[in-house]
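Structure, as structure tokens:
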Amino acid sequence: MELTCLLGLWTWVGDIVHIEVRVQGGDDELRSLYGWLRDEPSVRRTAGLELVEQPPRPGQMGGAVDILQLVTDNGWSAAAFAFTLATWRQTRRRDPGVTVRRGETIVTLSDCSDAEIQRVIELLEQSGDGEGLSP
């Protein structure tokens, strides 16, 4: 299994899974989630994590972080990721909305109910044909 970046385009050989996570509440919340996931051994061992910045607007010194990308293979635990995500969310003062996207399918966590967690797990465990990776 191999992931390469050629001229800013991601390509892969094997069963690579690409997931995007967005968090309401600004880049501080997203950075907090990034740190939380990096500290979780089951996620750290099986997924590459990257914060993605949007380009700076005119007059800005730098862009804001708005997406957390995870790149993993089929050997990871979607349930462990979903429960880690829900646990992080429950530690926040305000419950920030969290959106998880895989391919064209999007799930938003608003209350971290069992049904929402199950929807995230199902999203992450679906077979991914035709997914592209963003640089």
Side-chain angles (χ1 to χ4, degrees):
M1 196 160 323
E2 181 180 0
L3 177 67
T4 59
C5 184
L6 178 63
L7 300 175
L9 300 173
W10 289 100
T11 58
W12 70 91
V13 177
D15 294 328
I16 297 293
V17 178
H18 175 249
I19 301 157
E20 291 182 355
V21 180
R22 294 179 185 262
V23 177
Q24 293 175 348
D27 69 1
D28 287 344
E29 292 290 349
L30 196 59
R31 288 179 192 279
S32 170
L33 175 58
Y34 173 76
W36 187 275
L37 292 171
R38 270 194 344 203
D39 291 342
E40 175 58 39
S42 65
V43 175
R44 185 177 60 240
R45 278 191 314 270
T46 59
L49 300 169
E50 180 181 6
L51 291 171
V52 179
E53 272 190 16
Q54 58 183 317
R57 294 185 183 131
Q60 283 184 325
M61 295 294 285
V65 175
D66 66 343
I67 298 174
L68 172 61
Q69 288 185 345
L70 287 86
V71 179
T72 188
D73 62 21
N74 286 335
W76 80 308
S77 171
F81 170 75
F83 287 117
T84 300
L85 188 60
T87 301
W88 169 81
R89 192 173 173 279
Q90 292 168 354
T91 68
R92 312 314 297 161
R93 257 186 240 189
R94 291 180 300 232
D95 291 337
V98 177
T99 303
V100 179
R101 177 178 177 220
R102 178 171 181 201
E104 297 301 317
T105 307
I106 299 171
V107 174
T108 299
L109 295 172
S110 59
D111 62 6
C112 287
S113 66
D114 290 345
E116 284 185 346
I117 298 300
Q118 186 60 41
R119 283 196 350 241
V120 170
I121 293 169
E122 289 168 3
L123 165 73
L124 299 176
E125 288 181 341
Q126 73 187 7
S127 66
D129 44 351
E131 289 188 338
L133 294 180
S134 303

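Each residue takes its place number in the sequence, starting with 1. Only this structure's heavy atoms are used, side chains among them; waters, hydrogens and symmetry mates stay out.
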request  = Step by step, work out the side chain to side chain contact (heavy atoms under 4.5 Å, CB included) result for His18 and Gln69.
outcome  = CA-CA 7 Å; His18 175 249; Gln69 288 185 345; 3.7 Å; yes
Side chain to side chain contact (heavy atoms under 4.5 Å, CB included) assessment of Glu29 paired with Gln24 = CA-CA 7 Å; Glu29 292 290 349; Gln24 293 175 348; over 6 Å; no
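From Leu49, atom CG reaches atom CG of Leu70 across 5.0 Å, with rounding to the nearest 0.5 Å. To the nearest 0.5 Å, atom CG of residue Leu68 and atom CD of residue Glu50 are 9.0 Å apart. Distance CG/Asp27 to CD1/Ile67: 12.5 Å, rounded to 0.5 Å.
Panel note: side chain Thr72, backbone Thr46; a donor-acceptor pair is recorded below 3.5 Å. Judged by distance alone, with hydrogens and angles left aside, the side-chain atoms of Arg101 form a donor-acceptor pair with the main-chain N or O of Gly103 at under 3.5 Å. Side chain of Glu116 to main chain of Ser110: a donor-acceptor pair is present (N/O by atom type, distance under 3.5 Å, no hydrogens or angles).
Between Thr91 and Trp36 there is a side-chain heavy-atom pair separated by less than 4.5 Å. Residues Val100 and Ile19 have side chains in contact (heavy-atom distance under 4.5 Å, counting atoms from C-beta outward). Using a 4.5 Å cut-off on side-chain heavy atoms (C-beta onward), Val98 and Leu85 make contact. Residues Leu33 and Val21 are in side-chain contact: their nearest non-hydrogen atoms beyond the backbone lie under 4.5 Å apart.
A salt bridge links Arg22 with Asp66; the closest basic N to acidic carboxylate O contact falls under 4.0 Å.
Side chain to side chain, Trp88 and Ser32 meet the donor-acceptor criterion of an N or O pair below 3.5 Å.
By the side chain to side chain donor-acceptor pair (under 3.5 Å) test, Asp111 pairs with Ser113, sequence neighbours left out. Not counting sequence neighbours, Arg38 has no partner by the side chain to side chain donor-acceptor pair (under 3.5 Å) test.
Using a 4.5 Å cut-off between side-chain heavy atoms of Ile, Leu, Val, Met, Phe, Trp and Tyr, with links allowed through other members, Leu51 and Leu37 fall into the same hydrophobic cluster.
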